[in-house]
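The next block holds one structure in the form of structure tokens; read it before the comments.
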Amino acid sequence: MSELRCIVVTPERTARDEPASFVALPLFDGEIGIAPGRIPLIGRLGFGELRITGQDGRVERYYVEGGFVEVMGNVVSVLTGRAVPAEELDEAVSKELLDAARERVAHSPEAMAVRERAVVQARAQLRVARRARIGGTR
Amino acid sequence: MAKARALDKRRRAIRNIRKITRTMELISTARFRRAMDRATAATAYTRRITALVSHLARSGLEVSHPLLEPRPRPLKAILLTLTANRGFCGGYNAAVMRLAAPRWKALQNEVPEARLEVSGKRGIAAFRFRGVQADATYLHFEHNPVFGEVEILADRYLEAFETHQLDQLEVVYTKFENLSRQYAVVETLLPLAGIEGAEEEAGEAEGTPYEFLPSARSILDEVVPTSFKMRLFKCFLDAAVSEQIARMVAMKAATENADTMISTLTMTYNRARQTQITSELLEVISGANALMDEG
């Protein structure tokens, strides 16, 4: 079976460019798994955990914050503003972010949408941080 | 001996200054390389986004977004000025200020509510000198701007724009065209003038038939803000790269000037020393001659 190649690009650098056997991505409206041989896809990413299963079966976890994924042939390109290895997230910081987001005052529909986005983002970050601490399985 | 010693002292002082300017030149060369690498990485990212937009456009989607719509009567505007935190970089800061100060004056007449934001100590000081107090100042953008920090700014502008707290965002910065050409420009970032790749003809679907998840429209909703963030990031990167180039050039010129000064001073010093020796010799000889005449 052919192999996937997973490229993670942030505006500052190429964070990862290695082969993988399976990639799980947080899309905007739910998770998607990509195995070799998928048809071409462009997807919008949400906030959440990017899991890359390497050839040796080891799972790498990243927290990604929005962006896009493009699947073309067997190349998965993840374009994201931020890609942090899940172990490097600090649960306390994420918790603070969530509290701050919740306490924002919103008086108009647009402002409420902005707040909603901030809350969802902080929650996702917290979830990824927790999962990394508990260690692996969901 | 007095004159020769003074010359030597001056020569030594210039040698010290030369050491400093030479070091600064080397430092900015190293920083320039790093900033350049970052700019290259950002360009790679932008290229991928552009390709994405053209795929979207080819799928027949009309590219439109609130951020792309011009606002005919702007009420609130922000002028963001990017300058350096340090001097010793030739005309870099002056060039930006020459553009920013008149633009700020004009903007105040055009828009009822104008805000001035300045990044860099030099710009803040220059505006203060002109009697203008900036509404917000940033000092933390150094020789390599971090995307995360720029993103915080970008998110704030986007939020303000969406909630109609902001109608127009202009940035004054130094654009990096190539190694030998950088110039200050004023650019309007919000509303966005358009996004690259959107001009692709629809229906020309020779490319790969992509599946869009959740939908092409939803992807576009994310592409446009990302494109804005990248533009703003690019402004900061360009400014950082240009600053290092300006400093490199200025310090190189300073080092060369120091070199010419040292050689002129060395010559004058040698001459002065030689004159002194000659006059001393003359004194000794004429003294000896006088003694001989007497004896």
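We name chains A, B, ... by the order of the sequence lines, and we start the count at 1 in each one. Because the structure is predicted, anything quoted here is derived from the model rather than measured. Basis for what follows: all heavy atoms, side chains included, without hydrogens, waters or symmetry-related copies.
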Quick one: do B:Tyr210 and A:Leu41 satisfy side-chain contact (heavy atoms from CB on, under 4.5 Å)? Show the steps, please.
CA-CA 5 Å; B:Tyr210 280 99; A:Leu41 157 87; 5.5 Å; no
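- The contact between B:Phe212 and chain A is made by backbone and side chain atoms together, counting heavy-atom distances below 4.5 Å.
- Residues A:Phe28 and B:Ile219 form no side-chain contact, since every pair of their non-hydrogen atoms from C-beta on lies 4.5 Å or further apart.
- With respect to chain A, the highest number of heavy-atom pairs below 4.5 Å among B:Arg38, B:Glu222, B:Met230 belongs to B:Glu222.
- Ranked by non-hydrogen atom pairs under 4.5 Å with chain A, the options B:Val223, B:Ile49, B:Leu237 are led by B:Val223.
- Taking each heavy atom of A:Arg44 and B:Pro214 in turn, the nearest pair found is CB-CD, 4.0 Å.
- Exactly one residue among A:Val71, A:Ile32, A:Val69 makes a side chain to side chain contact (heavy atoms under 4.5 Å, CB included) with B:Leu213. That residue is A:Ile32.
- Taking 4.5 Å as the heavy-atom cut-off, the residues of residues 140-163 of chain B that approach chain A are B:Pro145, B:Val146, B:Phe147, B:Gly148, B:Glu151, B:Glu159, B:Glu162, B:Thr163, ordered by number.
- Contact count against chain A (heavy-atom pairs under 4.5 Å) is highest for B:Ser218 among B:Ser218, B:Ala42, B:Ala39, B:Ala41.
- Contacts from residues 67-74 of chain B to chain A, taken as heavy-atom pairs separated by less than 4.5 Å, involve no residues at all.
- For the pair A:Pro40/B:Glu211, no side-chain contact is recorded, criterion being any heavy-atom separation below 4.5 Å from C-beta on.
- When heavy atoms are compared at a cutoff of 4.5 Å, A:Ile39 approaches chain B solely by way of its side chain, counted from C-beta outward.
- Close approach to chain B, defined as a heavy atom under 4.5 Å from one of its heavy atoms, is seen in A:Leu79, A:Thr80, A:Gly81 of residues 79-86 of chain A, taken by number.
- Contacts from residues 5-21 of chain A to chain B, taken as heavy-atom pairs separated by less than 4.5 Å, involve A:Ile7, A:Val9, A:Thr10, A:Pro11, A:Glu12, A:Arg13 in sequence order.
- The contact between A:Arg38 and chain B is made entirely by side chain atoms (from C-beta outward), counting heavy-atom distances below 4.5 Å.
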